[in-house]
Amino acid sequence: MIYLNDRHIREIGMDWPRLLQTVESVTTIIDQGDYVQPLKPYLRYRDPGNRIIAMPAFVGGGIEAAGLKWIAGFPGNRSRGLPRAHNVTILNDPATGAPEAICASSLLSILRTAAVSGLMIREYLACRKVETFRLGIVGWGPIGRHHLEMCMSLFGDRVELVTLYDINGIESGSVAPSFRNKTKTAGSWKEVYRQSDIFITCTTPEARYIDEAPSPDMLLLNISLRDYHPESVKHLSAVIVDDWTEVCRENTDIERLHEQYGLSKEDTLTLADVVCREGLQAFPPNESVFFNPMGLAAFDIGIADYYRKEARRLGIGKELE
């Protein structure tokens with residue numbers, strides 16, 4: 001069995017086109033039904049703000065991987081100088097069940113999240129025939145930073161301007177030198193929201209704060225899942241999810257829209273509808289698109305398996321008996 005951590009993942013590198021290709025392949029496999037993904041349970045005890053989530057999945061097709069992602073989210077860790085999230089992913093041989101890899105890497109979860117966003121952005125740009133766009137990111141933690149890296153790697157020649165905001169401020173040195181000529185910081189989330197064509201929330205808010213409707217023809221990547229007051233997006237018809245059953249719970253914005261305004265599964269499309277059937281073509285060209293990805297175990301297993309194979313190919317990682 002091979003052991004990988006964040007250092008090994010960074011040594012292998014972040015090939016964003018290949019990561020996007022991996023999540024696209026998993027999306028196609030999900031659409032074809034050659035996967036198993038039980039509803040993920042949340043383990044909570046004592047402090048209800050903390051949670052540990054079990055995410056098992058099997059992915060068939062051209063990937064053939066099985067395993068479990070076990071991720072802990074403890075918001076109070078930041079005040080202790082610790083990462084908010086800790087992630088361990090175990091991969092098993094799908095033919096025998098024998099453990100093949102253990103990945104103690106929160107970075108894997110971040111890369112999966114950004115790669116899924118990249119796939120959605122690619123489909124949106126292609127459907128709307130967008131040549132250039134203004135990018136906005138609220139929340140400048142690891143997920144926000146890797147979203148910027150992903151966007152600039154995959155779409156950098158099409159990005160006119162990047163506007164960033166974080167409630168705790170943003171140090172100029174935290175933005176990569178190669179991006180700074182296109183990047184500015186804002187004084188509020190509203191400034192970012194009103195100036196962006198693609199708007200990404202990467203926050204951990206204590207309460208919802210987005211209280212105004214988006215401008216026409218925006219792509220809203222609701223990575224945080226709990227930023228929008230329901231009334232601000234209740235009029236949108238282009239609502240995209242990764243999986244309705246997963247995302248319509250745990251106090252997400254989708255669950256709030258369901259409970260307060262009757263949003264149903266039939267009112268939404270999935271990422272697979274968008275990727276495999278050009279689902280965005282169903283909406284008017286000026287309709288804003290609201291993407292809500294809960295995070296699917298199948299994507300995590302696909303990304304972890306990609307790094308396992310790359311580690312074997314490159315001779316990176318530590319062998320465990």
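Positions are given from 1, in the same order as the sequence printed here. Scope of the values below: all heavy atoms of this structure, side chains included, with no hydrogens, waters or symmetry mates.
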Counting N and O atoms only, with roles assigned by atom type, does the side chain of Ser288 sit under 3.5 Å from a partner on the main chain of Asp217, one being a donor and the other an acceptor? yes
Give a yes or no on whether a salt bridge exists between Asp253 and Arg226, defined as a side-chain N under 4.0 angstrom from a carboxylate O. no
More than 12 non-hydrogen atoms from neighbouring residues, nucleotides or ligands closer than 6.0 Å to NZ on Lys318, yes or no? no
Closest heavy-atom pair and its distance - Gln260, Pro230: OE1-CG, 3.8 Å
Would you kindly say whether Ser117 and His147 are connected by a side-chain donor-acceptor distance under 3.5 Å? yes
Distance from Met294 atom CE to Thr245 atom OG1, nearest 0.5 Å? 11.0 Å
Closest non-hydrogen contact found for Asp166 with Gly141 is OD2-N, 4.3 Å
side-chain hydrogen bond (donor to acceptor under 3.5 Å, both in side chains) assessment of Ser264 paired with Asp267: CA-CA 5 Å; Ser264 68; Asp267 298 321; 3.0 Å; yes
Check whether any side-chain heavy atom of Tyr228 sits under 4.5 Å from a side-chain heavy atom of Tyr209, and report yes or no. no
Give a yes or no answer on whether the side chain of Arg78 reaches the backbone of Pro83 with a donor-acceptor pair at less than 3.5 Å. no
More than 12 heavy atoms from other groups under 6.0 Å of CD1 on Ile167: no
Tested for side-chain contact (heavy atoms from CB on, under 4.5 Å) against Cys103, the lone hit among Leu4, Ile90, Asp305 is Leu4
Given the rule in the side chain to side chain contact (heavy atoms under 4.5 Å, CB included) test, do Ile121 and Tyr124 qualify, once you have shown the distances and angles that lead to the verdict? CA-CA 5 Å; Ile121 291 171; Tyr124 175 83; 5.6 Å; no
Exceeds 12 heavy-atom contacts within 6.0 angstrom, atom CD of Glu278: no
Check whether Glu255 reaches the backbone of Asn251 with its side chain - one donor and one acceptor, N or O, closer than 3.5 Å. yes
Ion pair present between Arg44 and Glu250, side-chain N to carboxylate O less than 4.0 angstrom? yes
Where is the tightest heavy-atom contact between Phe291 and Val241, given as atom of each residue plus distance? CE1-C, 4.3 Å
Check this for me: does any side-chain nitrogen of one of Glu310 and Arg313 sit under 4.0 Å from a carboxylate oxygen of the other? yes
Go through the steps for Gln195 and Lys190 under the test side-chain hydrogen bond (donor to acceptor under 3.5 Å, both in side chains), then give the verdict. CA-CA 8 Å; Gln195 294 181 5; Lys190 287 188 178 182; over 6 Å; no
Nearest heavy atoms of Ile29 and Tyr35, plus distance in Å: O-CD2, 4.3 Å
Just verifying a value: how many Å separate Tyr165 OH and Asn168 CG, rounded to the nearest 0.5 Å? 8.5 Å
Do Asn292 and Ile223 pass the side chain to side chain contact (heavy atoms under 4.5 Å, CB included) test, and can you show the C-alpha distance, the side-chain angles, and the key distance before you say yes or no? CA-CA 7 Å; Asn292 292 259; Ile223 307 306; over 6 Å; no
Over all atoms of both residues, closest heavy-atom pair of Ala65 and Ile301: CB-CG2, 3.8 Å
Is it true that a side-chain atom of Thr252 and a backbone atom of Cys248 form a donor plus acceptor pair closer than 3.5 Å? no
Any chance you could measure Met120, atom CE, to Leu280, atom CG, to the nearest 0.5 Å? 4.5 Å
Side chain to side chain contact (heavy atoms under 4.5 Å, CB included) between Ile2 and Arg312: does it pass, once the steps are laid out? CA-CA 8 Å; Ile2 191 172; Arg312 288 295 191 193; 3.8 Å; yes
Decide side chain to side chain contact (heavy atoms under 4.5 Å, CB included) for Met150 and Met14; before the verdict, give the C-alpha distance in whole Å, the side-chain angles of both, and the deciding distance to 0.1 Å. CA-CA 9 Å; Met150 174 275 295; Met14 300 168 198; over 6 Å; no
Any sub-3.5 Å donor-acceptor pair from Asp227's side-chain atoms to Thr201's backbone N or O? no
Rounded to the nearest 0.5 Å, what's the gap from CD1 on Ile137 to CD1 on Ile143? Could you check? 11.5 Å
Between Asp6 and Ser105, do the side chains contain an N or O donor and an N or O acceptor separated by less than 3.5 Å? yes
Would you say the side-chain atoms of Ser232 pair up with the backbone N or O of Asp211, donor to acceptor, closer than 3.5 Å? no
Okay, side chain of Asn50, backbone of Phe74: is any donor-acceptor separation there less than 3.5 Å? no
Arg145 (side chain) donor-acceptor with Trp140 (main chain) under 3.5 angstrom: yes
Output yes when Arg194 and Glu191 qualify as a salt bridge under the 4.0 Å nitrogen-oxygen rule, no when they do not. no
Donor-acceptor contact present, side-chain Asp47 to main-chain Gly49, <3.5 Å: yes
With a 6.0 Å cut-off (strictly less than), is the heavy-atom count around CD of Glu206, excluding the residue itself, greater than 12? no
Under the 3.5 angstrom rule, does the side chain of Lys69 hit a backbone N or O of Ala298 as a donor-acceptor pair? no
Any idea which heavy atoms bring Gly302 and Val26 closest together, and the distance? CA-CG2, 4.2 Å
So, taking the atom named CD1 in Ile9 and the one named OG in Ser106, what distance separates them when rounded to the nearest 0.5 Å? 11.0 Å
If you draw a 6.0 Å radius around CD in Gln281, do more than 12 non-hydrogen atoms from other residues or ligands fall strictly inside? yes
